[in-house]
Amino acid sequence: MAKVLTSKEENYAQWYNDLVLKSGLAENSAVRGCMVIKPYGYAIWEKMKDELDRMFKETGHENAYFPLFIPKSFFSREAQHVEGFAKECAVVTHYRLKTDEENGGLMVDPDAKLEEELIVRPTSETIIWNTYKNWVQSYRDLPILINQWANVVRWEMRTRLFLRTTEFLWQEGHTAHATSKEAEEETIQMANIYAEFSEKFLGIPVVLGNKTESEKFAGAVETLTIEQLMQDGKALQGGTSHFLGQNFAKAFDVQFTNKEGKLDHVWATSWGMTTRMIGALIMAHSDNNGLVLPPMVAPIQVVIVPIYRGNDQFPAIAEVANRIKDQLKALGISVKFDDRDTQKPGWKFAEYELKGVPVRLALGPRDIENENVELARRDTLEKKVLPQEGIAEYIKSLLDEMQENIYKKALDFRSENTHRVDTWDELLDVLENKGGFALAHWDGTIESENKIKDTKATIRCIPLDGEEEDGRCIVSGKPSRKRVIIAKAY
RNA sequence: CGGGGUAUGGCGCAGCCCGGUAGCGCGCGUCGUUCGGGACGACGAGGUCGUGGGUUCAAAUCCCGCUACCCCGACCA
């Protein structure tokens with residue numbers, strides 16, 4: 001097969017980039033750091049979006065939409081928050097252009113300067129809490145359980161398709177509660193939803209845990225994260241859920257009268273997941289032939305490729321293909337019959353492998369004669385010839401099996417690449433030679449954490465389900481009760 | 001913002017040192033043969049060589065300026 005991708009072994013970053021471009025997910029645009037998400041990439045996003053949206057609604061959330069622009073003054077209300085985002089904001093200063101009489105073309109009209117600059121949202125806590133202020137008077141107005149699907153802009157120094165773009169798509173949930181306990185439960189519930197979504201839907205195992213003080217969201221009391229391991233041994237933060245305490249309620253003066261008739265500030269959470277998950281999907285499962293998509297996220301689950309010479313062979317093949325297609329559709333499976341005569345079968349095989357279509361059926365004169373069909377599965381690249389009879393039911397259970405197999409493979413990979421380390425030298429050995437997650441004891445101090453950061457790796461999280469044990473911090477030697485995950489990250 | 005690099009048909013590149021007819025692969029179009037793992041042949045279309053200036057009889061090539069993009073660091077979902 002002609003080589004269109006750089007291999008993972010040769011250059012992982014290049015492989016990733018080639019794959020995104022060649023499989024038609026996205027490409028760079030004329031705007032620095034901003035990508036064009038192409039139809040195939042967007043179809044994957046829509047699948048993710050539909051599933052998450054369903055999960056949110058099932059847990060009582062509603063969608064709403066807040067403005068793209070946020071007045072600059074809103075940002076300075078919460079001290080931690082402004083510090084976290086100030087360095088990466090796009091700012092609107094004018095509202096009009098005019099013809100440039102001297103140099104031709106257009107210029108910003110200096111007379112159209114805004115009284116107060118508008119920030120293109122990097123996240124919406126501020127505008128939302130400014131709005132919630134008007135919505136909440138009594139405990140009877142709570143909780144507010146809202147999610148928004150939106151684009152946000154963060155002016156990052158360096159960008160990479162899906163993994164870090166200046167503009168990206170995401171959902172952000174913002175909830176308001178009467179009690180701390182309720183808000184904390186919401187924080188955990190949403191983190192669990194992300195974990196379940198990642199594992200069951202995307203087939204990517206996660207470690208759910210707390211961020212350290214220095215890594216948590218700007219303005220949060222506590223940040224929960226799901227950490228995923230990519231095939232090159234680097235970690236990726238897959239989604240975060242924040243307990244915001246009363247920080248934003250205080251900053252935006254959101255108070256309510258509780259059951260006891262006393263005035264109190266509202267308790268808050270926020271949580272988000274982004275188009276970055278498409279990058280995670282690629283880096284968790286794909287191979288040197290292209291994408292490997294878990295069936296649940298695949299826009300096309302089955303493709304049927306006809307093989308024939310001369311137009312007289314085609315009608316009989318098309319008839320069988322359409323019959324199988326209808327049977328699959330009846331079982332809720334998305335299927336495409338690629339009857340284009342402009343591309344050859346070999347070309348199509350390679351193309352659908354590149355696009356990660358889970359199951360490929362080939363139908364040729366031989367199969368028509370024997371009432372068979374050739375089936376190839378993307379995850380293992382196995383091919384076999386099967387009877388046409390009952391093929392749809394076979395594929396339905398095969399798709400389930402593949403979903404499970406892809407997850408299992410990623411889980412095994414993570415197990416093989418998770419190392420318990422008890423000394424500083426062991427940590428360095430993992431970071432420099434092995435990659436993956438290092439499980440190590442840490443004393444909980446910022447000093448030790450900074451020492452770890454000098455290695456370019458960071459504490460990814462303090463796992464929620466980590467077992468209690470006696471240990472000593474690998475930096476300071478002080479006692480510790482729990483291991484944390486240390487890894488280099490995207 | 002510090003360090004390095006690149007800019008030539010749609011894409012990837014060569015040509016530049018040593019100035020003199022702009023070339024290759026892929027892709028694209030037409031026709032024919034093909035079609036069970038990215039087919040082959042013939043013919044054809046497509047580039048004011050990033051941009052502004054300078055040197056020269058002559059500049060993709062030499063000199064000066066500018067711009068954009070890419071890679072490596074600091075920042076980050």
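It should be emphasised that the depicted structure is a prediction, and the values quoted were computed from it without experimental measurement. Chain identifiers are assigned alphabetically (A, B, ...) following the order of the sequence lines, protein sequences preceding nucleic acid strands; residue numbering begins at 1 within each chain.
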Atom pairs and distances, side-chain donor-acceptor, residues 14-27 of chain A, under 3.5 Å, sequence neighbours left out:
unit_1: A/Gln14; atom_1: NE2; unit_2: A/Asp18; atom_2: OD1; d: 3.1
unit_1: A/Trp15; atom_1: NE1; unit_2: A/Asp287; atom_2: O; d: 3.2
unit_1: A/Tyr16; atom_1: OH; unit_2: A/Leu161; atom_2: O; d: 2.8
unit_1: A/Asp18; atom_1: OD2; unit_2: A/Thr6; atom_2: N; d: 3.0
unit_1: A/Asp18; atom_1: OD2; unit_2: A/Thr6; atom_2: OG1; d: 2.7
unit_1: A/Lys22; atom_1: NZ; unit_2: A/Val4; atom_2: O; d: 3.0
unit_1: A/Ser23; atom_1: OG; unit_2: A/Leu19; atom_2: O; d: 2.5

Counting only pairs under 3.5 Å, give me each side-chain donor-acceptor contact of residues 38-47 of chain A, with atom names and distances, residues two or more places apart or in other chains.
unit_1: A/Tyr40; atom_1: OH; unit_2: A/Lys355; atom_2: O; d: 2.6

For residues 268-275 of chain A, run the donor-acceptor check on the side chains, cut-off 3.5 Å, and write out each pair with its distance to 0.1 Å, sequence neighbours left out.
unit_1: A/Thr269; atom_1: OG1; unit_2: A/Thr175; atom_2: OG1; d: 2.5
unit_1: A/Thr269; atom_1: OG1; unit_2: A/Trp271; atom_2: NE1; d: 3.2
unit_1: A/Ser270; atom_1: OG; unit_2: A/Glu125; atom_2: OE2; d: 2.7
unit_1: A/Thr274; atom_1: OG1; unit_2: A/Arg276; atom_2: N; d: 2.8
unit_1: A/Thr275; atom_1: OG1; unit_2: A/Leu169; atom_2: N; d: 3.4
unit_1: A/Thr275; atom_1: OG1; unit_2: A/Leu169; atom_2: O; d: 3.3

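A/Ile119 is linked by a side chain to side chain contact (heavy atoms under 4.5 Å, CB included) to A/Lys72, A/Phe75, A/Cys89, A/Val91, A/Pro122, counting only residues two or more places apart in sequence or in another chain. Residues satisfying the ring pair (Phe, Tyr, Trp, His ring centres under 6.0 Å) criterion with A/Phe349, sequence neighbours excluded, are absent altogether. Under the side chain to side chain contact (heavy atoms under 4.5 Å, CB included) criterion, A/Ala176 pairs with A/Trp129, A/Tyr132, A/Leu142, A/Ile144, A/Val266, not counting sequence neighbours. In terms of the ring pair (Phe, Tyr, Trp, His ring centres under 6.0 Å) criterion, A/His174 has no residue partners (sequence neighbours excluded). Listed by chain and number, the residues in a salt bridge (Lys or Arg N to Asp or Glu O under 4.0 Å) with A/Glu227 are A/Lys211, A/Arg460 (sequence neighbours excluded).
To the nearest whole angstrom, the two P atoms, one in B/C26 and one in B/G65, are 41 Å apart. B/G20 sits 15 Å from B/C49 when the P atoms are compared, rounded to a whole Å. The same atom, C1', is picked in B/U21 and in B/G15; the two are 14 Å apart, to the nearest Å. Rounded to whole Å, the separation between the P atoms of B/U61 and B/U55 comes to 15 Å. The same atom, P, is picked in B/A45 and in B/U8; the two are 23 Å apart, to the nearest Å. Distance noted for atom P between B/A7 and B/G54: 24 Å (whole Å).
Among the nucleotides B/C75, B/G38, B/A77, the one closest to the side chain of A/Glu88 is B/C75. Relative to the side chain of A/Lys383, the nucleotides B/G37, B/A77, B/G36 differ in distance, and B/G37 lies closest. Of all nucleotides listed (B/G37, B/G73, B/G38), B/G73 comes nearest to the side chain of A/Lys456. Counting only heavy atoms from C-beta on, A/Ala362 has its side chain closest to B/G36 among B/A77, B/G36, B/G38.
Judged by distance alone, the side chains of A/Asp341 and A/Tyr308 never bring a donor and an acceptor atom under 3.5 Å apart. There is a side-chain donor-acceptor pair under 3.5 Å between A/Asn288 and A/Glu9. In this structure, a donor-acceptor pair under 3.5 Å is absent between the side chains of A/Glu83 and A/Gln80.
Among the atoms of the strands shown, none is found under 4.0 Å from any heavy atom of A/Arg160. Within the 4.0 angstrom heavy-atom criterion, no nucleotide atom of any strand lies near A/Gln343. No contact: A/Leu236 has no heavy atom under 4.0 Å from any strand. The residue A/Thr159 sits apart from the nucleic acid: no heavy atom pair falls under 4.0 Å. Residue contacts shown for A/Asp367 include a base, since a base heavy atom lies under 4.0 Å away. At a threshold of 4.0 angstrom between heavy atoms, the contacts of A/Phe168 include nucleobase atoms, whether or not backbone atoms are also involved.
Near RNA chain B, meaning a heavy atom under 4.0 Å away, the residues from residues 297-324 of chain A are A/Ile307, A/Tyr308, A/Arg309, A/Gly310. Sorted by residue number, the members of residues 147-156 of chain A with any non-hydrogen atom under 4.0 Å from RNA chain B read A/Arg154, A/Glu156.
In RNA chain B, consecutive stretches of 3 or more Watson-Crick or G-U wobble pairs with both distances under 3.5 Å are given as paired ranges: B:1-7 with B:67-73, B:10-13 with B:23-26, B:28-33 with B:39-44, B:50-54 with B:62-66.
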Under 3.5 Å, which N/O atoms of the protein pair with N/O atoms of nucleotides 39-42 of chain B?
unit_1: B/A39; atom_1: O4'; unit_2: A/Lys344; atom_2: NZ; d: 3.4

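The aromatic rings of A/Phe201 and A/Phe197 sit parallel to each other, their planes meeting at less than 30°, with 60° as the upper class boundary.
Salt-bridge annotation for A/Glu374 and A/Arg366: absent, with no side-chain N of the basic residue lying under 4.0 Å from a carboxylate O of the acidic one.
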